[in-house]
Amino acid sequence: MPEWLQAGGWGLLAGSALLIGAAVGWYTHVPRWINASIMAFGAGVLLSAAAFELIDKAHERGGVFPTAIGAAGGAVAYTLANVELARRGARHRKRSGRQPSEKEKPGSGQAIAVGAVLDGIPESVVIGASLLAGSAVSLVTVIAVFLSNVPEGLSSAAGMRRAGRSGRFVFLLWSGIALLSGVAALGGNVLLGGASPALLAGITALAAGAILAMITDTMVPEAFEDAHLLVGLITVAGFLTAYALGHI
């Protein structure tokens with residue numbers, strides 16, 4: 001199978017977890033403390049993947065300077081985009097109980113959709129880039145993204161239902177994001193095929209910076225809101241799970 005096609009398949013697999021989580025969040029009434037606990041676990045998984053699979057690998061490829069510049073650039077870019085989306089009603093897009101309805105904030109549904117794309121693309125690009133030069137895909141990254149996407153889709157879909165959005169909107173949104181995840185992974189593989197080690201390191205770190213900013217801005221608040229004193233323990237459990245997967 002061509003490398004680019006493999007990249008797209010792995011990205012689609014990781015993105016499909018959003019649709020799985022959305023289905024659970026839409027069709028079942030999961031208690032909010034369970035939503036929060038799952039979100040905390042997913043945040044820990046992604047923190048571990050960002051640290052050991054992205055930042056560490058970027059440093060190995062290009063050294064400290066490209067890694068630091070890339071990570072800072074990714075965090076800044078994500079934050080600026082997120083500020084604009086927050087103004088349009090997507091501030092709590094991953095929260096299960098605080099999303100605005102269209103009546104409360106016209107255009108917030110579109111902003112939430114754009115925000116979902118913003119959250120998922122950096123992860124997918126890294127999955128595609130991990131296959132470059134004949135390397136095997138980073139299974140830890142795929143598993144980490146998959147595990148973190150389930151609570152994201154679950155919590156967000158539950159919030160959309162409470163805000164009065166239709167099932168059609170929810171499932172078209174997450175199906176589209178899953179497909180875009182595959183396209184982004186494919187693009188990351190094709191477009192970065194001739195990149196120098198320093199450039200590849202910078203882009204990997206850029207994705208890591210965006211992911212770290214996303215975790216602290218959208219996932220941790222949802223986890224803390226209802227898990228409270230247990231959130232730290234659950235987050236560490238997720239972190240150690242991803243760390244163990246990377247050393248099996």
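Heavy-atom basis, side chains included; hydrogens, waters and symmetry copies ignored. Note that the numbering runs from 1 along the sequence shown for the chain.
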For a quick test of reading the model, state the closest non-hydrogen atom pair linking Val30 to Thr28 and the distance between them.
CG2-OG1, 3.3 Å
Please step through side chain to side chain contact (heavy atoms under 4.5 Å, CB included) for the pair Thr79 and Asp217, ending with a clear verdict.
CA-CA 9 Å; Thr79 300; Asp217 195 73; over 6 Å; no
Work out which heavy atom in Pro122 is nearest to a heavy atom in Ala210; give both atom names and the distance.
CG-CB, 4.0 Å
Between Leu147 and Leu233, is there a shared hydrophobic cluster once you connect ILVMFWY residues whose side-chain heavy atoms come closer than 4.5 Å?
no
Rounded to the nearest 0.5 Å, the CD atom of Gln6 sits from the CG atom of Leu186 at a distance of 11.0 Å
Spell out, yes or no, whether Leu179 and Trp4 are grouped together once hydrophobic residues are joined by side-chain heavy atoms under 4.5 Å, including indirect joins.
no
If only atom types and distance count, is the side chain of Arg165 paired as donor or acceptor with the main-chain N or O of Val170 below 3.5 Å?
no
Mind running side chain to side chain contact (heavy atoms under 4.5 Å, CB included) on Met160 and Leu173 for me, showing each step along the way?
CA-CA 11 Å; Met160 290 176 185; Leu173 170 62; 3.3 Å; yes
Between CG on residue Asn149 and OG on residue Ser16, distance to nearest 0.5 Å:
8.5 Å
Leu139 CG to Glu53 CD distance, which is reported to the nearest 0.5 Å:
9.5 Å
Quick one: does Asn189's side chain have a donor or acceptor within less than 3.5 Å of a partner on Gly8's backbone?
no
With a 4.5 Å cut-off on side-chain heavy-atom distances among I, L, V, M, F, W and Y, is there a chain of contacts connecting Tyr27 to Phe169?
yes
With a 4.5 Å cut-off on side-chain heavy atoms, are Phe41 and Thr241 touching?
yes
From CA spacing to verdict: side chain to side chain contact (heavy atoms under 4.5 Å, CB included), Phe146, Ile20
CA-CA 10 Å; Phe146 187 95; Ile20 294 171; 4.0 Å; yes
Could you walk me through whether Glu84 and Arg87 satisfy the salt bridge (charged side-chain N to carboxylate O under 4.0 Å, His left out) test, starting with their C-alpha distance in whole Å, then the side-chain angles of each, then the deciding distance to 0.1 Å, before giving a yes or no?
CA-CA 5 Å; Glu84 181 59 30; Arg87 292 173 180 163; 3.5 Å; yes
Nearest 0.5 Å, what's the CD1-OG distance between Ile143 and Ser148?
12.0 Å
Residue pair Ser181 / Gly11: nearest heavy atoms and the distance that separates them
CB-O, 3.5 Å
Stepwise side chain to side chain contact (heavy atoms under 4.5 Å, CB included) test for Tyr243 and Val140:
CA-CA 8 Å; Tyr243 178 79; Val140 175; over 6 Å; no
Among Arg61, Lys57, His59, side chain to side chain contact (heavy atoms under 4.5 Å, CB included) partner for Thr67
His59
If you measure from CD1 on Ile121 to CD1 on Ile177, what distance do you get to the nearest 0.5 Å?
7.0 Å
Determine the minimum heavy-atom distance between Val126 and Thr204, stating which atoms define it.
CG2-O, 4.4 Å
Do Leu12 and Leu5 share a hydrophobic cluster (ILVMFWY, side-chain heavy atoms under 4.5 Å, transitive)?
no
In terms of hydrophobic clusters joined by side-chain contacts under 4.5 Å, are Met214 and Leu54 together?
yes
Keeping Ser48 on the side-chain end and Gly44 on the backbone end, is there a donor-acceptor pair under 3.5 Å?
no
Just so I know, are the side chains of Phe171 and Leu19 near enough to count as touching, which here means a heavy-atom distance under 4.5 Å?
yes
Going from CG on Leu199 to CG on Leu192, what distance comes out if it is rounded to the nearest 0.5 angstrom?
7.0 Å
State whether the side chain of Thr216 and the backbone N or O of Ala213 hold a donor-acceptor pair below 3.5 Å, judged by distance alone.
yes
Please check if the distance between the ring centroids of Phe239 and Phe52 is under 6.0 Å.
yes
Would you mind reporting whether Trp33 and Leu230 have side-chain heavy atoms less than 4.5 Å apart?
no
Do Glu123 and Leu46 make a side-chain contact, defined as non-hydrogen atoms from C-beta onward lying under 4.5 Å apart?
yes
Nearest heavy atoms of Met219 and Met39, plus distance in Å:
O-CG, 3.3 Å
Over all heavy atoms of both residues, which pair between Ile55 and Ala51 is shortest? Give the atoms and the distance, please.
CB-O, 3.6 Å
